[in-house]
There are 2 protein chains.
Amino acid sequence: MNYTEAKLKFINTWGTLGSLWGINKAMAQIQALLFVSTSPLSMEEIMDELKISRGNTSMNLRQLIDWGIVTKEFKAGERKEYFSTEKNVQELTRIIAKERSRREIQPAVKTLKEVYTITDDGTAETKELIKQTKALHDLAETADIMLNKIVSHKQNWLTKSIFKIFN
Amino acid sequence: MNYTEAKLKFINTWGTLGSLWGINKAMAQIQALLFVSTSPLSMEEIMDELKISRGNTSMNLRQLIDWGIVTKEFKAGERKEYFSTEKNVQELTRIIAKERSRREIQPAVKTLKEVYTITDDGTAETKELIKQTKALHDLAETADIMLNKIVSHKQNWLTKSIFKIFN
DNA sequence: CTAAAGTTTCAATAATTACTGAAACTTTAG
DNA sequence: CTAAAGTTTCAGTAATTATTGAAACTTTAG
């Protein structure tokens, strides 16, 4: 496998994986491309490499910027915008974990709470609903807190966590 | 909010969440329904409550069984099959985590390895590709091992992990 | 100011994914 | 064995989601 094939394989794998955990293919592919690029890329270069339209590129770049994964760069004396992604994998994971927590886990926790705090009318069905949704709520909340703690230290959270868990 | 509303809200939230992390809506809803039900349900009952077709119910139930989340039950003297889900949230999480590791993380790790082990032709581009995909590979592999370790103890893995990480 | 370069928006359309329903199949009671 | 009860399959269709491309908009050099 040569460079071009390997790069393509990486971008495609990342694209597929992305859609598995809720970000779309193009968005994941753009991120992958920037992740292995030696310098920031312009919109033209991205469109060209990934064979996607200008509109698609623009929208997905904006989402990536929203997530805090990609940043705009300006080259001296150039009008065009260039884009680059966070290159440190741990920092990248931190950003993604925080965003997912905020966008998905926390709203779910909130809804679960609304469900399990309904008034108990004494029937077995209601009792079961309350019991089970409360269990799920507590798990989700704890997992979320755990995730945030693990990931909230900018440096070496991974090594630290592993050390603690494995001993 | 009364019982019926709360139950519906739970099923819908779970359905939406499910699609966010890669299982489809109907599948997540069936699981949710069984999760708060006081007894195993027949296919008819599931179809009826969720207003989905027989075919859809059958296929998604099978997937849930494949995942090991749902089991068939037989009632004495009855021909019909009844279905129930794992009711313990920690056990449920364990099963899901294991399946996701096996189906998604491990194949991704494998592909990343194929990419970062290409022969280094000495160019900056190749070096960057190797460096970055190796970093991602190592992170994914470590995270996967970590997840499996955390979750591989049937009892109280959550409490134990929290204890270790928070101190 | 204008023109050129660049970016964003969004309605139309393509691609993907999920769902239905009826037919085929399987199992079991009699 | 047959008929009834139940389950599965899958081609067709519906619903959803992603993508295009052209027009509108923004910015800046001159």
Side-chain angles (χ1 to χ4, degrees), chain A residues 11-34 40-67 70-85 103-104, chain B residues 11-34 40-67 70-85 103-104:
Chain A
I11 290 170
N12 284 332
T13 309
W14 211 236
T16 314
L17 266 188
S19 52
L20 270 170
W21 58 275
I23 76 171
N24 79 28
K25 207 178 86 186
M27 192 171 151
Q29 287 185 333
I30 293 171
Q31 201 277 325
L33 177 62
L34 294 175
L41 301 179
S42 68
M43 207 154 87
E44 300 277 336
E45 290 168 314
I46 296 168
M47 288 168 55
D48 195 61
E49 280 236 40
L50 302 179
K51 307 266 183 294
I52 57 179
S53 73
R54 191 173 292 282
N56 201 2
T57 309
S58 171
M59 279 175 133
N60 285 110
L61 270 173
R62 185 134 71 80
Q63 271 218 72
L64 284 164
I65 292 168
D66 264 16
W67 274 66
V70 162
T71 46
K72 282 190 189 180
E73 317 237 323
F74 294 93
K75 285 192 184 170
E78 285 229 38
R79 179 115 151 243
K80 219 177 283 184
E81 295 174 343
Y82 286 81
F83 302 91
S84 62
T85 191
R103 290 171 199 233
E104 294 157 35
Chain B
I11 291 170
N12 284 332
T13 309
W14 211 236
T16 314
L17 265 189
S19 51
L20 269 170
W21 57 276
I23 76 172
N24 79 28
K25 208 178 87 185
M27 191 171 151
Q29 286 184 334
I30 293 172
Q31 201 277 325
L33 177 62
L34 294 174
L41 302 179
S42 68
M43 206 153 87
E44 299 277 336
E45 291 169 313
I46 295 168
M47 287 168 56
D48 196 61
E49 280 236 40
L50 301 179
K51 307 267 183 292
I52 58 180
S53 72
R54 191 173 291 281
N56 201 3
T57 309
S58 171
M59 279 175 134
N60 285 111
L61 271 173
R62 186 134 69 82
Q63 272 218 71
L64 284 164
I65 292 169
D66 263 16
W67 274 65
V70 163
T71 46
K72 283 190 187 180
E73 317 237 323
F74 294 93
K75 285 193 185 170
E78 284 228 39
R79 180 115 151 245
K80 220 178 284 184
E81 295 175 342
Y82 287 81
F83 301 91
S84 63
T85 191
R103 291 169 199 236
E104 294 156 35

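Residue numbers start from 1 in every chain, and the chains themselves are labelled A, B, ... in the order their sequence lines are given, proteins ahead of strands.
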Among dT9(D), dG6(C), dC10(C), the one nearest any side-chain atom of Arg79(A) is dG6(C)
To the side chain of Ala26(A), which of dG6(C), dT19(D), dC19(C) is closest?
dT19(D)
From [atom1] of [X] over to [atom2] of [N], roughly how many Å is that when rounded to an integer?
X        : N       : atom1 : atom2 : value
Met47(A) : dT20(D) : CE    : C1'   : 10 Å
Met59(B) : dT7(D)  : CE    : C1'   : 12 Å
Met43(A) : dT7(C)  : CE    : P     : 5 Å
Ile23(A) : dT19(D) : CD1   : P     : 12 Å
Gln63(B) : dT8(D)  : CD    : C1'   : 14 Å
Asn56(A) : dA15(C) : CG    : P     : 13 Å
Asn24(A) : dT17(C) : CG    : P     : 12 Å
Glu44(A) : dA5(C)  : CD    : P     : 12 Å

Nearest heavy atom decides the nucleotide; on that basis, is Glu78(A) or Ser53(B) closer to the 5' end of DNA chain C?
Glu78(A)
Taking atom types as modelled and ignoring hydrogens, do the side chains of Trp14(B) and Gln31(B) form a donor-acceptor contact shorter than 3.5 angstrom?
yes
Are any of the side-chain nitrogens in Glu44(B) or Arg54(B) under 4.0 Å away from the carboxylate oxygens of its partner?
yes
Does Glu78(B) reach the main-chain N or O of Lys75(B) with its side chain, forming a donor-acceptor pair under 3.5 Å?
no
Thr57(A) side chain vs Ser53(A) backbone, donor-acceptor pair below 3.5 Å:
yes
Output yes when at least one side-chain N/O atom of Arg62(B) is less than 4.0 Å from OP1 or OP2 of dT7(D), else no.
no
Identify the nucleotide, in any strand shown, that forms a Watson-Crick or G-U wobble pair with dG30(C), with both distances under 3.5 Å; if there is none, say none.
dC1(D)
